[in-house]
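First up is the structure itself, then whatever we jot down about it.
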Amino acid sequence: MLATLWRADQAAYIVGGCLRDALLDREPADWDLTTDAAPERVQALFRHSIYENRFGTVVVRHRGAQYEITAFRRDASYSDFRHPDSVEFGSSIEEDLARRDFTVNAMAWGSRPGDKPAFVDPHGGRDDLARRLLRAVGDPDRRFGEDALRMVRAVRLAAALEFEVEPGTLAAIGRNSGLAAHLSGERICAELLKLLAANRPSVGLRLMADSGLLAVIAPDLARQRGLGQNKIEGEDLWDHTVRTVDAAPARQVVRLAALLHDVGKPDTFADGHFHGHESVGAQMARGFLAGIRAPRALQERVAHLVLHHMFIYEPNWTDAAVRRFIRKVGPGCVDDLLALRAADNQGSGLPADAGHLTELESRVRAQLASKLVLGRSQLAIDGNDLIMELGLPRGRVLGRVLDDLTDRVVAEPALNDRTILLDLARQLITDRQLVENPIS
Ligand code: ATP
Ligand code: MG
């Protein structure tokens, strides 16, 4: 890629996060190149490239990897704490590096045409990399004032790379955290999801809380600080939350549910209890995720997990009770719910298995494997049968009958037979008609 540009008499460099990751022996998420060639020229040099006009970036796929090639840039003035008012082409690699966020992200490797490729590191990125430090390029107050997302990127990168934030940079986040209120939900969401994918998200979450960013981005979570818990001696509800997040497997939905599972507690606290915090919390979780424009399906799944996270299992449950549990939670969600509860246990200083969780898990697996009825779709009849055989109209009653039949079969799998179910359905309809149209 670089050679193609050099041969065409253009300067070309590998730049930014991918170089940082390569030096850290991490697999880069994406490869960024920068050049003095204008986008149209780059596009002409690479067949099959795509020009994303909005960002002035040409995207090239090469041997399964994706390369983004951007002309040197310099940022013009900022007025909304988010985007520069315009992006201008710069004239040198040094100018391009000076607009980048952190010193470890402001290194390049490459050259002008004809020169020997070399490291370009005007801001001491390699030293900071060795010390595992995130340090703003230039004056941190100014840089965060230009683009508030850089503060969120700092805490996200600290968690993802297991770096510390250099004290001067961290203090500046504290002074400027209020500017995060100007950020769009989408950008916060993208950073939060990357933060939650880290080995130990607690590193970034604690930085967010301590710097004041959390109070701006997720005020309901910030209110967990200082709220007592009779779980781990000397720890508050926020401590419990971050422990739970770290203990959760790194699946997006489970980590988000762990972060939000007790979000309803501060509002429901009375007489030493958190009455109905799971249903209040499910609403709040949905509201928070809608606010940061998380995908709708993710909002629903997380809210669902929060709503159900307080289940109590007893070893004396019958198999039918296990099936009812699966039916209530949903066969596709039960794994995530058990993982959330195991993490919640660990966050409470208990063994992951507390509440006979492993036993429940194996019983759930056995039921799922047995293919016994867990939902309407496995019923031996469907809505069409009821319409054809019993002349039932489409609508609410039809759905209710199917649900009732499913409940019966979940309790007693032997009933899952076409003739039996049609008989049961006839009975149900007669009963229901009596209820709904009482004979006067
Ligand atoms: P990731 O591992 O998620 O890809 P990254 O640091 O590479 O992390 P990208 O979004 O790929 O993040 O950005 C690539 C590079 O662009 C960064 O390394 C940095 O040099 C620069 N950059 C990204 N966002 C900003 C910003 N808000 N302000 C200044 N420079 C930025
Ligand atoms: Mg990157």
Side-chain angles (χ1 to χ4, degrees), residues 13-35 52 54-57 59 65-78 80-85 87-88 90 93-110 120-126 128-129 132-163 165 169 172-173 176 179-180 182-184 186-199 201 204 213 250 252:
Y13 302 82
I14 298 175
V15 69
C18 55
L19 193 55
R20 171 202 75 209
D21 288 342
L23 290 170
L24 288 169
D25 254 335
R26 294 167 56 93
E27 185 69 34
D30 37 40
W31 290 92
D32 293 311
L33 270 61
T34 185
T35 175
E52 289 180 2
R54 207 152 52 99
F55 306 104
T57 302
V59 181
Q66 176 163 313
Y67 296 83
E68 302 199 350
I69 310 178
T70 311
F72 293 151
R73 269 189 261 181
R74 99 166 55 103
D75 285 350
S77 64
Y78 292 79
D80 63 356
F81 312 106
R82 277 178 286 155
H83 307 288
D85 297 334
V87 180
E88 295 172 6
I93 182 68
E94 284 77 14
E95 238 177 352
D96 185 89
L97 294 177
R99 69 164 178 96
R100 292 176 182 267
D101 48 6
F102 303 106
T103 61
V104 294
N105 288 346
M107 302 182 280
W109 185 88
V120 190
D121 181 18
H123 306 286
R126 256 190 301 183
D128 285 337
L129 195 91
R132 305 185 81 81
L133 277 184
L134 288 159
R135 182 197 307 273
V137 171
D139 171 32
D141 286 293
R142 219 195 86 211
R143 302 311 308 286
F144 298 149
E146 288 170 354
D147 181 359
L149 190 72
R150 291 170 185 156
M151 298 186 285
V152 188
R153 283 177 51 86
V155 299
R156 182 269 281 192
L157 287 166
L161 305 172
E162 302 181 12
F163 274 36
V165 183
T169 302
I173 298 179
N176 293 282
L179 299 179
H182 299 281
L183 294 172
S184 73
E186 288 88 341
R187 296 183 91 192
I188 292 173
C189 184
E191 293 300 325
L192 182 63
L193 292 178
K194 286 185 178 182
L195 189 161
L196 290 176
N199 268 338
L213 278 176
Q252 204 169 67

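Order of listing sets the numbers, starting from 1, for every ligand and every atom in it. The first residue of the sequence shown is numbered 1, and numbering continues consecutively from there. For clarity, every value in this text was computed on a predicted model and none was experimentally measured.
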Winner among Arg153, Arg26, Arg73, Glu68 once heavy atoms are compared against atom 24 (N) of ligand 1: Arg153
Pick from Arg150, Glu191, Met151: the one approaching atom 28 (N) of ligand 1 most closely through a non-hydrogen atom: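 Shortest heavy-atom distance from atom 28 (N) of ligand 1: Arg150.
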Short N or O distance, Arg100 and ligand 1, threshold 3.5 Å exclusive: yes
N or O contact, Leu157 vs ligand 1, cut-off under 3.5 Å: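 Among all N and O atoms of Leu157, none is under 3.5 Å from an N or O of ligand 1.
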Shortest non-hydrogen separation from Pro201 to Leu196 and the atoms involved: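 Between these two residues, the closest heavy atoms are CG-O, 3.7 Å.
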Derivation of the side chain to side chain contact (heavy atoms under 4.5 Å, CB included) call for Leu19 and Trp31: CA-CA 8 Å; Leu19 193 55; Trp31 290 92; over 6 Å; no
Ligand 1-proximal atoms of [X], by part, heavy-atom distance under 4.0 Å:
{"X": "Asp147", "answer": "side chain"}
{"X": "Lys194", "answer": "side chain"}
{"X": "Asp30", "answer": "side chain"}

Using a 4.0 Å cutoff against the non-hydrogen atoms of [X], which atoms of ligand 1 qualify?
{"X": "Asp32", "answer": "14 (C)"}
{"X": "Ala29", "answer": "4 (O)"}
{"X": "Arg99", "answer": "29 (C), 30 (N)"}

Non-hydrogen atom of Glu146 closer than 4.0 Å to ligand 1: no
4.0 Å heavy-atom contact, Arg143 with ligand 1: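 In this structure, Arg143 fails to qualify as a contact of ligand 1 - no heavy atom is under 4.0 Å.
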From CA spacing to verdict: salt bridge (charged side-chain N to carboxylate O under 4.0 Å, His left out), Glu146, Arg143: CA-CA 5 Å; Glu146 288 170 354; Arg143 302 311 308 286; 2.9 Å; yes
Determine whether [X] and [Y] make a side-chain contact, defined as any pair of heavy atoms from C-beta on separated by less than 4.5 Å.
{"X": "Gln66", "Y": "Asp30", "answer": "no"}
{"X": "Asp96", "Y": "Arg74", "answer": "no"}
{"X": "Val59", "Y": "Tyr67", "answer": "no"}
{"X": "Phe102", "Y": "Leu133", "answer": "no"}

Under 3.5 Å side-chain donor-acceptor pair for Asn105 and Arg20: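 There is such a pair between these side chains.
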Heteroatom test (N, O or S) for Asp30 near the Mg ion (ligand 2), limit 2.8 Å: yes
Neighbour count above 12 (heavy atom, 6.0 Å) for Arg132 CZ: yes
